[in-house]
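Note sheet for the following structure.
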Amino acid sequence: MVPTAAEVICDPHNQTCIVIVIGSGTPGGSSDAGDTGTARVCTAAGGATVPCFSEAFGWFNDVDGCYYDELSPQPDPSNPMWEGHYPDGAIYAVTCGGLPFGGSAGGWVWRATPPPGSGDVGITPAQMAQRAVDQMRLAGPAIRLTISSDEMGLVGIPVWLWTEVTPTTWGPNSATASVPGLSVTARAQATQIVWDMGDGHTRVCTGPGTPYTEGAVHSPTCEYIYERSSAGQPGDAYPVTATTTWQVTWAGGGTSGSLTVTRTSTTTVRIGELQVLVTG
């Protein structure tokens with residue numbers, strides 16, 4: 001059923017139609033599958049908002065209010081539509097507010113350059129890359145220590161530091177963000193975790209760390225040794241902050257680039273001192 005506040009434009013040459021709904025409509029549910037909304041806002045005569053891109057009719061031209069679709073394949077060089085300009089420029093099918101018939105309402109036209117608005121998604125590939133990063137839902141480390149929240153560590157005893165390895169806590173991870181005419185794919189990989197141990201010292205580890213092995217003392221990859229008790233700290237515990245650095249590379253829209261993002265997680269750890277009583 002076609003909504004009452006809608007305009008139907010049909011192309012008799014490929015038996016397809018486009019329905020242009022006037023008004024805001026009812027918002028639907030969110031989706032993490034991809035970003036498919038148009039970035040431009042295109043307005044037809046009369047003030048109705050229309051799609052800036054249509055699979056059937058091409059790109060909307062804000063200057064004349066018509067859709068332009070570059071013919072593929074292009075007409076034979078002998079076709080009079082070229083007006084003697086072949087091979088320069090291109091032939092476009094034009095649709096203006098209704099069926100593509102001759103005259104000012106539409107038809108076929110030669111242009112030396114693409115019409116205004118053609119391929120204009122109103123957003124840069126770098127901005128689309130950031131949307132792709134947002135879709136990945138990159139997070140701070142899933143902090144794991146040899147000392148659980150209900151235990152107390154000891155001064156001088158190594159505390160193993162690591163994160164669970166998942167696409168969102170260490171990677172690799174990837175996502176693609178798209179709008180009509182532009183698609184950008186970004187790939188992310190964590191490169192290091194900076195552990196702020198809460199006592200004024202930090203430890204930089206270039207990997208996710210190694211899960212604790214029962215009976216082992218030193219971590220082969222990432223550990224920290226406290227030199228004083230956490231007594232007197234808020235809650236008698238040190239605040240531990242772990243910050244992951246992610247390197248992101250992206251490509252799309254005929255270009256590529258890279259960016260760095262960070263994500264942080266926090267926890268606490270209690271450290272005590274072992275008292276030895278010598279008697280006799």
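Residues take their numbers from the sequence shown, with the count starting at 1. Given the structure is predicted, the values throughout are model-derived calculations rather than measurements.
In this structure, the side chain of E223 does not engage the main chain of P220 through any donor-acceptor pair within 3.5 Å. Judged purely by atom type and a 3.5 angstrom limit, W59 has no side-chain atom pairing as donor or acceptor with the backbone of E70. Side-chain atoms of N79 never come within 3.5 Å of backbone atoms of P75 as a donor-acceptor pair (strictly under, hydrogens ignored). Between the T264 side chain and the T243 main chain, no donor and acceptor come within less than 3.5 Å of each other. For the pair D196 (side chain) and T202 (backbone), a donor-acceptor distance under 3.5 Å is absent.
T206 and Q192 are not linked by any side-chain donor-acceptor pair at a separation below 3.5 angstrom, with hydrogens and angles left out of the test. S230 and Q233 share no donor-acceptor pair across their side chains, judged by distance under 3.5 Å alone. At a cut-off of 3.5 Å, with distance as the only test, no side-chain donor of N61 or Y92 sits close to an acceptor on the other residue. In summary, the side chains of T210 and T221 do present a donor paired with an acceptor at a separation below 3.5 Å, with no hydrogens or angles considered. In this model, no donor atom of one side chain and acceptor atom of the other lie less than 3.5 Å apart for S258 and T249.
In this structure the side chain of T244 never reaches within 4.5 angstrom of the side chain of T262, judged on heavy atoms. Between T267 and Y238, the closest side-chain pair of non-hydrogen atoms is not below 4.5 Å. Side-chain contact between M128 and W250: absent, with no pair of heavy atoms (C-beta onward) separated by less than 4.5 Å. Side-chain contact between W170 and I193: present, with at least one pair of heavy atoms (C-beta onward) separated by less than 4.5 Å.
Ring geometry for F60 against Y67 counts as perpendicular: the plane angle is over 60°, on a 0 to 90° scale with 30° as the lower cut.
Between W160 and Y212, the ring centre distance stays below 6.0 Å.
Within a 6.0 Å radius of CD in E227, no more than 12 heavy atoms belonging to other residues, nucleotides or ligands are found.
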